[in-house]
Amino acid sequence: MPLTSILVGGFQWVNLANTVYLRNGVQTDFIDNEESLLEYLVASHLLSPDEKDRLTPESRSQIYRLRDLFRRMLTDITERQLISETDLEKLNDIGKKISLEFHLVREVQDITSKITGKTKGDQIIFEILASFAETFEKAGMDRIRSCSHEECILFFVDVSKGGKRRWCSMESCGNRAKVSNFYSRKKDN
Ligand SMILES: [Zn+2]
């Protein structure tokens, strides 16, 4: 499974959760070693290739902790439309550990502001946590879904106008479903 086919969540935190997926029916971890974790972070634009040595072991383990939390939360959200208070507290505990810097940036005549992490790890965790809040602002809880294909465990946020998206991606699961519907109809005839 190429990495791009699991980066379909639409938001960083959902993509992080999607690094656990089904390959031939077997639950598989895309980021089960340091190299693949870095590959995922680069593909997600959270890290540039020349920054690969700037992630501390502590930040790496926080990313895995985040993923476990997000996977559990996504299951709760898609099954019961609920986020546990304890899980939200755990997210905040991770958020409390990061250090941020506030910058004023000159853009020709204008001044804008920018918040960045003190370290690369802080920056990555900040972006992932911010994407979590952003999902609720931009889409809402009822738009957070799990793929309808029975052999897929990926999650996504449906930001389409009509809100009828069913598949993690039309190219993979949407087509897989169409093909199997076609064959089961043929069998019935
Ligand atoms: Zn799918």
Side-chain angles (χ1 to χ4, degrees), residues 1-47 60 62-84 87-88 90-91 124-125 127-189:
M1 193 137 167
L3 186 50
T4 47
S5 53
I6 56 176
L7 299 179
V8 290
F11 290 82
Q12 292 289 5
W13 69 286
V14 184
N15 283 342
L16 176 60
N18 283 348
T19 54
V20 173
Y21 63 99
L22 285 187
R23 184 162 63 191
N24 303 324
V26 181
Q27 191 165 309
T28 309
D29 183 355
F30 190 90
I31 54 172
D32 61 353
N33 60 65
E34 194 185 333
E35 202 181 319
S36 56
L37 170 68
L38 294 173
E39 188 191 337
Y40 145 76
L41 291 171
V42 170
S44 305
H45 308 288
L46 288 166
L47 191 75
R60 286 203 297 269
Q62 290 293 57
I63 293 172
Y64 286 105
R65 238 167 260 149
L66 274 178
R67 180 176 68 170
D68 290 346
L69 275 171
F70 288 145
R71 289 190 52 75
R72 200 163 59 229
M73 288 173 126
L74 281 163
T75 307
D76 280 347
I77 293 169
T78 51
E79 285 176 3
R80 303 184 296 150
Q81 292 278 298
L82 209 74
I83 289 174
S84 115
D87 285 344
L88 198 58
K90 285 181 184 161
L91 274 192
I124 291 172
I125 291 164
E127 280 184 45
I128 295 173
L129 284 174
S131 80
F132 179 71
E134 201 188 24
T135 304
F136 294 87
E137 286 160 28
K138 290 195 173 160
M141 183 128 82
D142 60 333
R143 290 296 192 96
I144 302 171
R145 313 243 166 90
S146 56
C147 180
S148 292
H149 199 287
E150 55 186 16
E151 279 161 44
C152 182
I153 54 168
L154 297 184
F155 297 97
F156 62 89
V157 182
D158 181 3
V159 290
S160 71
K161 225 176 183 173
K164 299 228 186 310
R165 181 172 157 196
R166 291 181 61 202
W167 318 107
C168 64
S169 99
M170 200 56 221
E171 291 76 44
S172 58
C173 287
N175 277 333
R176 276 206 285 176
K178 261 199 278 179
V179 170
S180 72
N181 279 344
F182 176 73
Y183 284 111
S184 63
R185 265 203 309 273
K186 262 189 138 175
K187 248 188 279 165
D188 292 344
N189 288 341

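All ligand and atom numbering here is 1-based and tracks the order in the structure.
Ionic pairing of D68 and K90 is not present here: no N-O contact between side-chain nitrogen and carboxylate oxygen is shorter than 4.0 angstrom.
In terms of heavy-atom proximity, S36 sits nearest to D32 at OG-N, 3.6 Å.
Under a cut-off of 6.0 angstrom, the local environment of CD in Q81 is crowded, with over 12 non-hydrogen atoms contributed by other residues, nucleotides or ligands. For N24, the CG atom is loosely surrounded, since the number of other residues' heavy atoms within 6.0 Å does not exceed 12.
Y64 pairs by the ring pair (Phe, Tyr, Trp, His ring centres under 6.0 Å) definition with nothing, not counting sequence neighbours.
Protein nitrogen, oxygen and sulfur atoms, that is N, O or S, within less than 2.8 Å of the Zn ion (ligand 1) amount to 4.
The aromatic rings of F136 and W13 sit parallel, their planes meeting at an angle under 30°, below the 60° perpendicular limit.
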